[in-house]
Chemist: 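Structure provided below as structure tokens; questions to follow.
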2 protein chains.
Amino acid sequence: MQTLKVDLGERSYPIYIGEGLLDQPELLAPHIAGRQVAIVSNETVAPLYLERLSKTLGAWSVLPVILPDGEAHKNWETLQLIFDALLTARHDRRTTVVALGGGVIGDMAGFAAACYQRGVDFIQVPTTLLSQVDSSVGGKTGINHPLGKNMVGAFYQPNAVLIDTTSLRTLPARELSAGLAEVIKYGLICDEPFLGWLEDNMVALRQLDSTALTEAIRRSCAAKAAVVGADERESGVRATLNLGHTFGHAIETHMGYGVWLHGEAVAAGTVMALEMSMRLGWIDQTARDRGIRLMQDAGLPVVPPEEMTPAHFMEHMAVDKKVLDGRLRLVLLRQLGEAVITDDYPKEILQATLAADYRAIVAQREVVTAQ
Amino acid sequence: MQTLKVDLGERSYPIYIGEGLLDQPELLAPHIAGRQVAIVSNETVAPLYLERLSKTLGAWSVLPVILPDGEAHKNWETLQLIFDALLTARHDRRTTVVALGGGVIGDMAGFAAACYQRGVDFIQVPTTLLSQVDSSVGGKTGINHPLGKNMVGAFYQPNAVLIDTTSLRTLPARELSAGLAEVIKYGLICDEPFLGWLEDNMVALRQLDSTALTEAIRRSCAAKAAVVGADERESGVRATLNLGHTFGHAIETHMGYGVWLHGEAVAAGTVMALEMSMRLGWIDQTARDRGIRLMQDAGLPVVPPEEMTPAHFMEHMAVDKKVLDGRLRLVLLRQLGEAVITDDYPKEILQATLAADYRAIVAQREVVTAQ
């Protein structure tokens, strides 16, 4: 087992990573203060892991709360089901909410923990690669609004994050790929050598090689923990974690939540950010194509939806949380391994990026690779 | 103008108290970071003060958000109207939410500010006595749930609190009395000399004497600021601010939100807490009757609803936020001016308190007073 620490003063917490951690009550016990625990999960994950985790938590009074599965349910109506269950079972303010599932479950259970009786304890048990390397670490919680993704939420840190790598064995391949989009992101924004490691290990990762997975998760969480420790509330460097996300959120919003997986939208959005960084003269074509190839090798889409016009992107991006006083800030790459957030770019370059022919770009890259 | 400070480290903020402060942009300007301001008010208060405050904020882009009036609307559906308005008007994370109204508006606008884009700036402009002396100070925000009052919310501090005493001129007498319940509470829990001042000035307060009002608000806010500064998240002494509230919340929940005003329920609940403190031998009958008389002189009900049985109280109190691991903690008086929170009391004394004949107690007090 590997243990990392997210360093946030009195709100610091450990991340445990390893095989079979779901069965180890001694990891969770120090993080549960009261006698009541609510395990929030969904209809897909609960049949796989709820009984096992409930058994591990046998010393506590366990309340299961099973939500419908999917980003489309990441809204107030579903959140309300958690409050209903907690209040009906008379959970008091010393209860601990445990999120068992992917990013949607973690975001909703965390937001419920942030709001229930103005804040109760919270533990993340992420079961998807995406949530293990990204959303379970750092305290961002929330729900979607019809007018924008994650527009309602809280910064609320968990007491602990427990990552059992064996839970990836039940994860659909498409979702594994979606998680790899965020893993690749860490290499692009702050760890260039990791890109080389990923190029060497992508096949092993997609075959669920346990050693490779543990290393990829550890390295991703360490990168995220460092960034979050430096900037918890995203006043600066933390925003660089959103490489590809502004374009990606526009894709998710336009297509309807859940049609594209978050990681898939981030992959295509990252390709757009690479393209724009190249058009600004910050990275060269080789660097751009290296990023595109990693996304492709991870089994991810690298071309935005054909039906989306530049106007569609602009419309959705105008409500992005990174808009400040009317100016859209974007996360771009100065070089591979170094991201910046900036609103200081020529508007024509953003327009050209939105209008670029990504099919042609990818096809050209493939020709080059094949030579 | 009087200025108090709520001392919470980097989340410290000032409370301004005085006549005509609504018209002074220089008080608000230092607390507004961006260019966008949303004034959240309700159908009753907006016609009285919205135009005036909008004019004061003429240097900013002002978005008015008008909600239906009343505790019955303190729920998610109404909160959603704030998010809808902010997103439709494309307010970004540098927006400032200004609450213009009573406690319900402050709680909802504050909770919306806490959640919108995971937290934006917030200013309280309370227009009722209750909100001026209580809910606008201290950062408790939230909404009700069908199964319990204030069950969903956040601790979220404002950037500033602006109290214009002239706004009390438009307040219905019944609501002024409701505010006085909380004013009297401060005397009972931590400022015994204030009780004497209140006995001398109750007539002046009910006649809206400006000097008396300013002094009562200043002294109440100072008491609250001291308690909140010592215990922001209610792990200890802050809970004593809830004298009469556990019984009072049971009354509000049972009667339906908004049938009894919050202050009215607190007044009757405080009488119950005085009665229980007397039955425990902590205060004598003279002290109990002094508290009852102050509530009566403030125009407040001192007898719980006749239709409520002890079983009704127990049922509603079981979901109180002060329940910890199944034990109900109550705020009681060791003596006038000194409150404690405790779950260490004989259950029979709680039962006897719930079953007491408050009509007879009050009638007896009146006979004694009349002698």
Side-chain angles (χ1 to χ4, degrees), chain A residues 33-36 61 75-77 79-80 82-95 107 111-112 114-120 139-156 232-235 239 315 318-329, chain B residues 33-36 61 75-77 79-80 82-95 107 111-112 114-120 139-156 232-235 239 315 318-329:
Chain A
R35 297 186 305 198
Q36 299 169 315
S61 163
N75 55 29
W76 174 260
E77 289 73 22
L79 190 72
Q80 193 73 9
I82 306 177
F83 298 135
D84 293 348
L86 290 169
L87 282 166
T88 303
R90 304 207 161 167
H91 275 229
D92 64 41
R93 60 167 58 164
R94 283 175 68 181
T95 189
D107 282 8
F111 188 40
C115 297
Y116 185 64
Q117 305 210 9
R118 298 199 189 90
V120 298
K140 281 194 183 180
T141 71
I143 54 176
N144 298 326
H145 184 281
L147 294 175
K149 198 170 144 68
N150 292 324
M151 281 292 157
V152 175
F155 285 99
Y156 199 72
E232 183 182 5
R233 297 182 76 88
E234 196 165 316
S235 45
E315 181 194 333
V319 293
D320 190 273
K321 286 193 294 303
K322 281 178 290 302
V323 171
L324 284 187
D325 286 335
R327 292 197 57 84
L328 177 63
R329 298 184 303 155
Chain B
R35 297 186 308 197
Q36 299 169 314
S61 163
N75 55 30
W76 174 260
E77 288 73 21
L79 190 72
Q80 194 72 11
I82 306 177
F83 298 135
D84 293 348
L86 290 168
L87 283 165
T88 303
R90 303 206 162 167
H91 275 230
D92 64 41
R93 59 168 60 164
R94 281 174 70 180
T95 189
D107 282 7
F111 188 40
C115 296
Y116 185 64
Q117 304 211 12
R118 299 198 187 93
V120 297
K140 282 194 180 178
T141 71
I143 54 175
N144 298 326
H145 183 283
L147 294 175
K149 198 170 144 65
N150 292 323
M151 280 293 157
V152 174
F155 285 98
Y156 199 71
E232 184 182 4
R233 296 183 76 87
E234 197 165 315
S235 45
E315 181 194 332
V319 294
D320 190 89
K321 287 194 292 303
K322 281 178 291 303
V323 171
L324 283 187
D325 286 335
R327 292 196 58 83
L328 176 63
R329 298 183 304 154

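To find a chain, count down the sequence lines: A is the first, B the second, and so on, and within it residues start at 1. Note that these values count all heavy atoms, side chains included, but never hydrogens, waters or copies made by symmetry.
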Chemist: Mark yes or no for whether R118(A), through its side chain, and V152(B), through its backbone, hold a donor-acceptor pair below 3.5 Å.
Modeler: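 No, because the side chain of R118(A) does not come within donor-acceptor range (under 3.5 Å) of the backbone of V152(B).
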Chemist: Give, for atom CE of M151(A) and atom NE2 of H91(B), the distance between the pair rounded to the nearest 0.5 Å.
Modeler: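 Atom-to-atom, M151(A):CE and H91(B):NE2 are 13.0 Å apart.
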Chemist: Closest approach of L147(B) and D84(A), non-hydrogen atoms and distance?
Modeler: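 For L147(B) and D84(A), the tightest heavy-atom pair comes out as CD1-O, 4.2 Å.
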Chemist: What pairs with F83(A) under ring pair (Phe, Tyr, Trp, His ring centres under 6.0 Å), at least two apart in sequence or on another chain?
Modeler: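 Ring pair (Phe, Tyr, Trp, His ring centres under 6.0 Å) list for F83(A), sorted by chain: W76(A).
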Chemist: Working to the nearest 0.5 angstrom, can you tell me the gap between Q80(A) CD and N75(B) CG?
Modeler: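 Separation between the atoms: 9.5 Å.
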Chemist: Quick check for you: to the nearest 0.5 Å, what is the distance between H145(B) atom NE2 and C115(A) atom SG?
Modeler: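 Result: 12.0 Å between the selected atoms.
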Chemist: Does R90(A) have any side chain to side chain contact (heavy atoms under 4.5 Å, CB included) partners at least two apart in sequence or in another chain, and if so, which?
Modeler: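 Testing R90(A) for side chain to side chain contact (heavy atoms under 4.5 Å, CB included), a comparison that skips the adjacent residues, returns E315(B), A318(B), V319(B).
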Chemist: Would you mind checking which part of T88(A) comes under 4.5 Å of any heavy atom in chain B, side chain (CB onward), backbone (N, CA, C, O), both or neither?
Modeler: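 It is both, since atoms from each part get that close.
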Chemist: Heavy-atom distances under 4.5 Å only: say whether L86(A) touches chain B with side chain, backbone, both or neither.
Modeler: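 Interface part for L86(A): neither.
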